[in-house]
2 protein chains.
Amino acid sequence: MSDQINTVANISLWLVEDNRHFQQTMFSLINESDGFECAFAFDSCEEALEKLKNAAPPEVILLDIGLKGMNGIEGVKKFKEITPATHIIMLTIQDDSNTVFEALCAGASGYLLKDSSPERVIESVKEVIAGGVSMNAHIAKKIVDMFKQLNPPKGNYRLTEREKEILSFLVTGLSKKQIADKLFISFHTVNTHIKNIYEKLHVNTRAGVISKAFKEKLV
Amino acid sequence: MSDQINTVANISLWLVEDNRHFQQTMFSLINESDGFECAFAFDSCEEALEKLKNAAPPEVILLDIGLKGMNGIEGVKKFKEITPATHIIMLTIQDDSNTVFEALCAGASGYLLKDSSPERVIESVKEVIAGGVSMNAHIAKKIVDMFKQLNPPKGNYRLTEREKEILSFLVTGLSKKQIADKLFISFHTVNTHIKNIYEKLHVNTRAGVISKAFKEKLV
DNA sequence: TCAAAAATACCACAATCGTGCGATTGTGCC
DNA sequence: GGCACAATCGCACGATTGTGGTATTTTTGA
């Protein structure tokens, strides 16, 4: 508790990038920015991971997506295993949405085009530290599209409330008898409801109902 | 082909917003921006939808998410039905991610906080016209999180290739006999395989296997 | 108020399923 | 050679399912 006289601690960043020229540029850019400090710059994930064994993890890692050796995607996973609280921003030359998308799924918090303006770099870092995910409109669209695709408008088979209820029990794997007991109705009634569900969904086996229910998000 | 002397056509926008003060501010902001033109401003979705019947649709609609009458979400759906090529940007007072998320799923191309800077507004419009989706880091995180949730790491139950194959047939609703015929093996063999699958997945009904297969993305 | 829709209940029977056994063959591995 | 494992095949039997009916009561909507 001696010499905390100047300011609050800087945000610490690490840089993993094999292009020495770009590495230098980025390194300087960060260290010249108020409140940020680029502690280390590495040429490969392997080196950075090695360093993590005996150094405090940074708050943010800027990680080239196209590294030799362990590539960025694998890198994200490894880093996140070791220090899950560290935010990782991918660096890419081009707007390759597939790769970026994979990186996000692997745990990255955003990505930056390498030719981004210094302001944009700093803005991204701030965004991820605030808990956000930093991406551009193009990637955002990819993700929203994919999301919509995974959430197709659910088909309407005009199931009644009771039928939906029973469908949900079928999906959990209950037998007719178990459903009857659960709803305090007769086995025969459940039988009838199931017959009606089968007819409405155009299926004729348990397996058919359940697949259809999952595929079309009926449950 | 007569008087195309001045410039390329302006980007046409419509504004749907019931707060008259904000409506005026935004209207002026847009019309003062080079290359943009706010053709109409409406107080409600109903009015704008009415106008669409006899006016050319705009390239972009700025749509308040919290309108009286038909709200923004329903509005997006209606607009998109009538003029799917029109990009819609939602206007929100607060960063309400659930609503914004619904809007995006309903077809919106982005959203703007109402206190965004004029530059941010124009930037968003440009982004959506370029085919992107405009959102901030906070919403982006929500969506990426949701996406990850939909793609959980698949459990490994050490199913053999044959078992996986049979599992996939089970999911499509085939009976033991049908599977046997399809694979040119005996009914009894299929029976055995299914028994083993049940044991490995810790289930004991057809329904159980299929739900588990879907929930854990085994197929 | 009256008809339609939904929920309830019952019966019977063939088909299919789940599960208890046991057994042979081929393959890879130490 | 011996061991583990996957794939194959077999039998038996009780449990459950799917399907063909019919029929009553309650709820809903026009």
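FYI, side chains are in, hydrogens and waters are out, and symmetry mates aren't considered; it's all heavy atoms of this structure. Quick caveat, the model's predicted, so the values are computed rather than measured. We name chains A, B, ... by the order of the sequence lines, and we start the count at 1 in each one.
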Among C:dC10, D:dC9, C:dA7, the one nearest any side-chain atom of B:S186 is D:dC9
Over 60° means perpendicular and under 30° means parallel, so classify the ring planes of B:F214 and A:F214, tilted if in between. parallel
Would you mind reading off the distance between A:E165 atom CD and C:dA6 atom C1', rounded to a whole angstrom? 13 Å
For B:T189 and B:I185, indicate whether the former's side chain and the latter's backbone hold a donor-acceptor pair under 3.5 Å. no
Given DNA chain D, 5'-ward residue of the pair B:T189 and B:R158, judged by closest heavy atom: B:R158
Atom CD of B:Q178 and atom C1' of C:dC17 are separated, to the nearest Å, by 14 Å
Whole angstrom is fine here: how far is it from CD in B:E161 over to C1' in D:dA7? 13 Å
Just to confirm, is there a sub-4.0 Å distance from OP1 or OP2 of D:dA6 to any side-chain nitrogen or oxygen of B:R162? no
Contact check, side chains of A:F42 and A:L15, non-hydrogen atoms, under 4.5 Å: no
Taking CG from A:L159 and C1' from C:dA5, how many angstroms apart are they, rounded to a whole number? 14 Å
Side-chain atoms of A:K176 come closest, of D:dG10, D:dT17, C:dC10, to D:dT17
To the nearest Å, give me how far apart CD1 (A:I210) and P (D:dT17) are. 11 Å
Integer-rounded Å distance: D:dT16 C1' and A:H188 NE2: 14 Å
Should A:D181 and A:F187 count as side-chain neighbours, where that means a heavy-atom distance under 4.5 Å? no
Looking only at the side chain of B:S175 (C-beta and beyond, no hydrogens), which of the listed nucleotides C:dC10, C:dC17, D:dT8 gets closest? C:dC17
Which of B:S116, B:S109, B:S134 passes side-chain hydrogen bond (donor to acceptor under 3.5 Å, both in side chains) with B:S124? It is B:S134
To the closest 0.5 Å, what do you measure between CG (B:L62) and CE (B:M90)? 10.0 Å
Spacing of B:E163 atom CD relative to D:dC5 atom P, expressed in whole Å: 13 Å
Would you jot down, in residue-number order, the residues of residues 190-200 of chain A having a non-hydrogen atom under 4.0 Å from DNA chain D? A:N191, A:K195, A:Y198
Side-chain contact test, heavy atoms from C-beta onward, threshold under 4.5 Å: evaluate it for B:Y198 versus B:V209 and give yes or no. yes
Rounded to whole Å, how long is the line connecting atom CG of A:L170 with atom P of D:dT17? 9 Å
